[in-house]
Number of protein chains: 2
Amino acid sequence: MKSTFEELSNELKKKKIRLSHQRLKVLEYLTLHLCHPTVEQIYVDLQKEVPTLSKTTIYNTLSSLIESGLVRVITIEDHETRYDIRTENHGHFKCESCGEIYDFNVDIDSLQSVDLNNFKINDKNVYFKGICPRCLLSINKIK
Amino acid sequence: MKSTFEELSNELKKKKIRLSHQRLKVLEYLTLHLCHPTVEQIYVDLQKEVPTLSKTTIYNTLSSLIESGLVRVITIEDHETRYDIRTENHGHFKCESCGEIYDFNVDIDSLQSVDLNNFKINDKNVYFKGICPRCLLSINKIK
DNA sequence: TTTTTACTTTGTAATCGTTACAGATTAATT
DNA sequence: AATTAATCTGTAACGATTACAAAGTAAAAA
Ligand SMILES: [Mn+2]
Ligand SMILES: [Mn+2]
Ligand SMILES: [Zn+2]
Ligand SMILES: [Zn+2]
């Protein structure tokens with residue numbers, strides 16, 4: 001098994017994206033944190049390792065990673081964008097109590113609509129909202 | 001058939017929301033514009049009829065309409081929230097070329113996942129992105 | 001290796017959607 | 001008509017994102 005660093009480097013090379021230190025760090029961060037981080041979270045955490053890191057760089061890096069298809073955008077929240085390196089089809093559930101975003105398996109490919117017969121579909125997203133099991137438990141305890 | 005005004009008034013009364021002139025206007029606007037308008041669009045258009053209207057009022061009104069379940073939020077765009085008075089289940093397609101957001105019928109109820117067995121689901125959203133038929137046509141013409 | 005060059009990073013300022021707030025207004029009740 | 005609690009309005013503040021120009025650097029060329 002190759003090192004993560006080497007794997008990520010190859011991914012960038014394939015996509016003809018220059019292998020800067022910052023880009024590799026952001027990419028590494030996303031593979032280690034599958035919890036759909038915000039730019040702020042990535043920035044605060046990576047600054048510990050790369051003190052000169054700029055927030056603008058994270059925005060720029062994410063833009064090129066998204067454009068090349070290595071990262072997907074999660075817009076389940078209306079005020080802050082989240083990012084996900086898992087690009088294979090899956091749904092997202094946001095707990096309205098604790099705010100956590102959960103992945104779940106769902107057959108997105110089976111989602112068809114005759115209304116979209118003449119549309120070119122590039123991207124499918126499924127977002128659910130509600131209360132997660134952990135929060136349901138704590139709510140019941142209070143009662 | 002009742003007048004739209006009377007229908008909307010009754011909706012608000014049922015939900016115990018005070019029937020202010022501004023709220024009725026926003027609600028009327030949403031029933032006449034099913035194209036998922038932004039706050040800015042609602043503001044610019046309604047200002048012609050209600051010159052003293054404040055943008056804050058539109059935000060406040062939408063908040064109470066959403067809370068009462070009369071309006072749903074569309075977060076298919078990452079930078080600007082859109083609103084939809086059609087609360088029955090349907091999917092949304094955003095054309096990445098012209099930006100228009102289309103409704104489409106899709107069996108959202110059939111979307112199930114064993115991963116969510118112990119979750120309380122309050123809301124389901126399906127967002128697709130791609131190119132709409134009209135834009136596909138104009139792209140082909142250029143080639 | 002050194003040089004060159006185009007791309008990237010950085011910090012700051014600007015932008016823009018949204019929210020907070022306090023005083024003026026008003027819908028609904030008495 | 002008087003009362004009152006909710007709503008509306010305008011302005012300021014906030015926060016995520018983008019624009020921009022100068023400094024730095026990865027990769028190709030010499
Ligand atoms: Mn995910
Ligand atoms: Mn709709
Ligand atoms: Zn939770
Ligand atoms: Zn289009």
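Chain letters run A, B, ... following the sequence lines, proteins first, then strands; residues in each count from 1.
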Q. Passes ring-ring contact (aromatic ring centres under 6.0 Å, His included), Y102(A) versus F119(B)? Steps please.
A. CA-CA 10 Å; Y102(A) 295 83; F119(B) 290 65; 5.1 Å; yes
Q. Would you call E88(B)-R86(B) a salt bridge at under 4.0 Å N-O?
A. yes
Q: Taking only the side-chain nitrogens and oxygens of Q22(B), find out if one of them lies under 4.0 Å from OP1 or OP2 of dT25(C).
A: no
Q: Flag yes if more than 12 heavy atoms outside E96(B) fall under 6.0 Å of its CD atom; otherwise flag no.
A: yes
Q: Rounded off to whole Å, could you give me the NZ-to-P distance for the K16(B) and dA5(D) pair?
A: 18 Å
Q) Between H21(B) and V39(B), who's closer to the 5' end of DNA chain C by nearest nucleotide? A) V39(B)
Q: Using a 4.0 Å heavy-atom cut-off across all strands, classify H79(A) as base, sugar-phosphate, or nothing.
A: sugar-phosphate
Q: Starting from the 5' end of DNA chain C, give me the residue, T81(B) or K13(B), whose nearest nucleotide shows up first.
A: T81(B)
Q: Only counting residues at least two apart or in another chain, list the ones meeting side-chain hydrogen bond (donor to acceptor under 3.5 Å, both in side chains) with Q47(B).
A: Y43(B)
Q. Atom CD of Q41(A) and atom C1' of dA16(D): how far apart are they, to the nearest Å?
A. 14 Å
(Q) Between C1' on dT18(C) and CD1 on I66(B), what's the gap in Å once rounded to a whole number? (A) 13 Å
Q) Can a side chain N or O of S20(A) be found less than 4.0 Å away from OP1 or OP2 on dT25(D)? A) no
Q | Length of the line joining K25(A):NZ and dT9(C):C1', which is rounded to integer Å | A | 17 Å
Q) In whole angstrom, what separates D78(B)'s CG from dC16(C)'s C1'? A) 13 Å
Q. For the pair made of OH in Y43(B) and P in dC16(C), what is the distance, rounded to whole Å?
A. 16 Å
Q: Provide the closest heavy-atom pair for N122(B) versus G130(A) in the form atom of the first, atom of the second, distance.
A: ND2-CA, 3.6 Å
Q. Looking at residues 44-59 of chain A, who's got a heavy atom less than 4.0 Å off DNA chain D?
A. T56(A), Y59(A)
Q: Rounded off to whole Å, could you give me the CZ-to-P distance for the R23(A) and dT10(C) pair?
A: 11 Å
**Q.** Nearest-nucleotide comparison on DNA chain D, the residue closer to the 5′ end among N60(B) and R18(B)
**A.** R18(B)
**Q.** Atom CZ of R134(A) with >12 non-hydrogen neighbours under 6.0 angstrom
**A.** no
Q. CG of L62(B) versus P of dT7(D): gap in Å, rounded?
A. 14 Å
**Q.** Verdict with reasoning, D84(B) to H92(B), per side chain to side chain donor-acceptor pair (under 3.5 Å)
**A.** CA-CA 11 Å; D84(B) 193 350; H92(B) 290 103; 3.0 Å; yes
Q) From dA16(D), dT18(C), dT9(C), pick the nucleotide closest to the side chain of E80(A)? A) dA16(D)
Q) When we call it a touch if two heavy atoms are under 4.0 Å apart, what does T38(A) touch: a base, just sugar-phosphate, or nothing? A) nothing
